[in-house]
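All values reported here derive from a predicted model rather than from experimental measurement. In what follows, residues are counted from 1 in the order of the sequence shown.
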Amino acid sequence: MASALACASPASAGTAAVGQNLIVNGDAEAGVGSTDGGTVQVSGWNVTGGLTAVRYGAGGGFPSTTDAGPQNRSKNFFGGGVNTAASRAIQVIDLSAFSGAINAGQSQFNLSGWLGGYASQSDNATLSAVFRDSTGQTLFSTSLAPVTPGDRGGNTSMVYRDNYGMIPVGTALVDIVLDMRRVEGSYNDGYADNLSFSVAAVPEPGSWAMLGAGLAMLGFAARKRRKSASGTSAA
């Protein structure tokens, strides 16, 4: 997959903070969404195959503001596009700001998003993260499982998916890839919204031990207080 993504320019994470969503326009709000599912510009992404931004409640049976999906949704979501069997949006994020922690094996990632589709049709969306080194070689990749019609109860809606894990040592870039796949009908009804990728620090092993010891002491103190209170009452 690395060679196919090489044409996408990295988005700098030089000023990014741990825990911050590094995806640009992960909510499809950077622009006006289509009111009929047609193609509009999707800022921040390298788009192929007609992937577009659609307004909630657009005519033609698209997700509405009351259908199951993100509680903090705004005006738009990502749609697969008109007359296309497969469409894709790519974003390459430069992780050089976290290189010290990554190469020390002290960074983990969190990938999440709301994915869905139309009614009982099997059109779907997949969100992937592809971790690459400075030469462009793929070190590791992970994807959020597509949402099936059964997952949606046969309704037009989106379901939350997330995944997390260690960032491989040597990672310099991560490719965020949103794929929409049409299975039925003429419109590609893969839907997605509120896409997020963030970097987090891995807790030091000693921190877990200290936390466990602290919780144990709190439990002991609580038991001692309960025992003391019980003895006073009996007197």
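- Closest approach of Gly49 and Ser87 over heavy atoms only: O-CB, 3.3 Å.
- Looking only at side-chain heavy atoms (C-beta outward), Phe98 and Phe109 stay at 4.5 Å or farther from each other.
- Phe131 CZ to Thr171 OG1: the interatomic distance, rounded to the nearest 0.5 Å, is 6.5 Å.
- No donor-acceptor contact under 3.5 angstrom links the side chains of Ser157 and Asn155, judged on distance only.
- Under a 4.5 Å side-chain heavy-atom criterion applied to ILVMFWY residues, the cluster that includes Met158 comprises Val54, Tyr56, Phe62, Phe77, Val82, Trp114, Tyr118, Tyr160, Tyr187, Tyr191 as well.
- Residues Arg55 and Asn76 share a closest heavy-atom pair of CG-OD1, 3.4 Å.
- Hydrophobic clustering of Ile, Leu, Val, Met, Phe, Trp and Tyr side chains at less than 4.5 Å, counting indirect connections, keeps Ile93 apart from Val169.
- For Glu184, the side chain to side chain contact (heavy atoms under 4.5 Å, CB included) criterion is met by Gln121, Ser122, Asp123, not counting sequence neighbours.
- The side-chain heavy atoms of Ile176 and Leu127, taken from C-beta on, include a pair separated by under 4.5 Å.
- Look at Arg132 and Asp175 and you find a salt bridge, because one of the NZ, NE, NH1 or NH2 atoms lies within 4.0 Å of a carboxylate O, short of that distance.
- The side chain to side chain donor-acceptor pair (under 3.5 Å) check on Asp133 picks up Thr135, with sequence neighbours excluded.
- Side-chain atoms of Asn46 do not come within 3.5 Å of backbone N or O of Ile90 as any donor-acceptor pair.
- Side-chain atoms of Asn188 come within 3.5 Å of backbone N or O of Met180 as a donor-acceptor pair.
- The ring-ring contact (aromatic ring centres under 6.0 Å, His included) search around Tyr164 returns none, not counting sequence neighbours.
- By the side chain to side chain contact (heavy atoms under 4.5 Å, CB included) test, Asn83 pairs with Ser186, sequence neighbours left out.
- The closest side-chain heavy-atom distance from Asp94 to Leu173 is below 4.5 Å.
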* Asked: What's the verdict on side-chain contact (heavy atoms from CB on, under 4.5 Å) for Leu195 and Asp27, showing C-alpha distance, side-chain angles and the deciding distance?
  -> CA-CA 6 Å; Leu195 310 179; Asp27 55 6; over 6 Å; no
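- Remark: side-chain polar atoms of Asp179 are not paired, donor with acceptor, to backbone N or O of Arg88 under 3.5 angstrom.
- With sequence neighbours left out, Asp67 forms a salt bridge (Lys or Arg N to Asp or Glu O under 4.0 Å) with no residue at all.
- Among all heavy-atom pairs drawn from Ala30 and Ser43, the shortest one is O-CB, 3.5 Å.
- Using a 4.5 Å heavy-atom cutoff, the side chains of Arg182 and Asp189 are not in contact.
- Judged as a side chain to side chain donor-acceptor pair (under 3.5 Å), and not counting sequence neighbours, the contacts of Ser143 are Ser128.
- In this structure the side chain of Val199 reaches within 4.5 angstrom of the side chain of Leu22, judged on heavy atoms.
- By the side chain to side chain donor-acceptor pair (under 3.5 Å) test, Arg161 is found to be paired with Asp151, residues two or more places apart in sequence or in another chain being considered.
- For residues 21-49, the set of pairs meeting the ring pair (Phe, Tyr, Trp, His ring centres under 6.0 Å) definition, not counting sequence neighbours, comprises Trp45-Phe78.
- Heavy atoms only, all atoms of each residue included: Asp162 and Ser112 are closest at CB-CB, 3.6 Å.
- In this structure, the side chain to side chain contact (heavy atoms under 4.5 Å, CB included) partners of Val40, at least two apart in sequence or on a different chain, are Ser34, Thr52, Ala53.
- Inter-residue side-chain proximity for Val174 and Val92 is flagged as unmet; no heavy-atom pair is nearer than 4.5 Å.
- Put simply, the side chain of Val159 does not reach to within 4.5 Å of the side chain of Leu115, judged on heavy atoms.
- Applying the side chain to side chain donor-acceptor pair (under 3.5 Å) rule to Asn163 yields the partners Thr142; only residues at least two apart in sequence or on another chain are considered.
- A search for side chain to side chain contact (heavy atoms under 4.5 Å, CB included) contacts involving Asn124 returns Thr126, Pro146, Arg181, Val183, not counting sequence neighbours.
- The heavy-atom pair separating Val202 from Gln108 by the smallest distance is CG2-N, 4.0 Å.
- Counting only distance, with no hydrogens or angles, the side chain of Ser120 and the backbone of Gly154 share no donor-acceptor pair below 3.5 Å.
- If you take CE on Met166 and CD on Gln106, they are separated by 8.5 Å, rounding to the nearest 0.5 Å.
- Distance CG/Asn110 to OG/Ser198: 4.5 Å, rounded to 0.5 Å.
- Listed for the Thr84 side chain is no donor-acceptor partner under 3.5 Å among the backbone atoms of Gly81.
- Between Ser107 and Ala101, the shortest heavy-atom contact is OG-CB, 3.3 Å.
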